[in-house]
Amino acid sequence: MTDPSRKKVLLGLTGGIAAYKAAELVRRLTERGIEVQVVMTEAACGFITPATLQALSGNPVFTDMWDTRVASGMAHIELSRGTDAIVVAPATADFIAKLVHGLADDLLSTLALARECPLLVAPAMNRQMWDHPATQRNIAQIKRDGVIVLGPASGDQACGEVGMGRMIEAEEIAEAVSAFLAPKLLAGARVLITAGPTFEPIDAVRGITNRSSGKMGYAVARAALEAGAEVTLISGPVSLPAPAGAKVTQVETAAQMFEAVKRHVARTDIYIGVAAVADYRVDKPRQHKIKKTVEPQLQLKLVPNPDILGWVAARPKPPFCAGFAAESRNLDAYADQKRRRKNVQLMVANLAQQAIGADDNEVTLLDDAGTHRLERAPKEVVARQIIAHIAKLYGAKRRKAK
Ligand code: CTP
């Protein structure tokens, strides 16, 4: 199943030192499955070469109004047709001033004026230029004109000064752009997600855990946020940044995860169990470190943990429930058995050896209608497809309930 909703962004670069971050931005956008067409001003080409951006975006870079590669000879109009958004990063003080006045003396400013799609800009400039009343007036004006302004941030500047005006990081721009482009399929829905491993203590310093990195669960949380959902994320121990906009509760053990789920479940429309919850915990973990001189042989007694997903799905009025099944073989059969046993509407199945810790994933969706195989793709992309599928099933469930 390929992603039919591949988004297209025209990325404009103007002449500022932050242009070097645009190379990273192209990577971040393409990783999210967004097609990028780069347009550069002449000044931008003084900071970074079109060849670099062409190689990263996989598309020819345009810099000139009179480029004969555009069949109609009207690059200033044609390049933005079919584009979902124009993103200008970095946007200099000069470029922002041109937007205010509708000046169109080069390809990028003309595209910005002749566009039919939304425009997002990430300002980048020295702090005095940013603080100048003219720039502040211009920023206020472009906001009134409907331009979305991303940043800037405060911090060290290339000129050696410290202050407001540096461009926000490529990752933050990519996140904001993909959130902006995502269809709001889950607007208003309250989504509860578990992610990461659990850690079951043996003693004061040791424990039992698993290799789950949390990447898939965090990507699902971000995709749900992009789709307009209100997201609560209950996370086991991982080293990942919290998805912006999610309410995050950190837990360690399966018991703590269960308690956190119990606290939130009544206010949940959709529950997605991505966490690799330990099936067993140590009975009576020791308060102090076990000493091998005292206990040369050690036997641990393991007792089963509660099945959190199973419990949520068995509530009198359960939310829509989706689970993840990591199998090492017989993927479809085992995952479908799990789906029926836990009585959940959707089971996302993947091969544990391919998924755990990786940045890519290949999953199969199992629901009442059957099996849907998704192509191997970055977890971000897979997460968005899973959320789109959940939105479809959830919408159908709600229509039936009415
Ligand atoms: N899950 C849960 N609580 C548990 C164990 C798992 O909520 N105590 C959830 C996971 O978040 C995931 C799904 O159930 O959504 C995984 O199902 P499970 O049967 O536990 O998978 P495995 O541990 O892989 O099961 P098995 O050992 O039978 O393969």
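In listed order, ligands and their atoms are each counted from 1.
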J.: So, are Glu259 and Lys262 salt-bridged, with charged N and O less than 4.0 Å apart?
T.: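 Answer for the salt bridge query: yes.
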J.: Any side-chain heavy atom of Arg286 within less than 4.5 Å of one from Glu295?
T.: yes
J.: When you look for protein heavy atoms under 4.0 Å from ligand 1, which residues do they belong to?
T.: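 The 4.0 Å shell around ligand 1 contains Gly273, Ala275, Val277, Asp279, Pro306, Asp307, Ile308, Leu309, Gly323, Phe324, Ala326, Lys338, Arg341, Lys342.
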J.: I need the single residue from Val9, Leu25, Leu13 that forms a side-chain contact (heavy atoms from CB on, under 4.5 Å) with Val38. Which is it?
T.: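 Per the side-chain contact (heavy atoms from CB on, under 4.5 Å) rule, the option paired with Val38 is Leu13, out of Val9, Leu25, Leu13.
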J.: Should the pair Arg398-Asp269 be classified as a salt bridge under the 4.0 Å nitrogen-to-oxygen rule?
T.: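 No.
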J.: Distance-only, no hydrogens or angles: does the Arg267 side chain make a donor-acceptor pair with backbone N or O of Arg263 under 3.5 Å?
T.: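 Answer holds: yes.
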J.: Let me know which of Glu169, Glu171, Glu380 forms a salt bridge (charged side-chain N to carboxylate O under 4.0 Å, His left out) with Arg28.
T.: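 The salt bridge (charged side-chain N to carboxylate O under 4.0 Å, His left out) with Arg28 is passed solely by Glu171 among Glu169, Glu171, Glu380.
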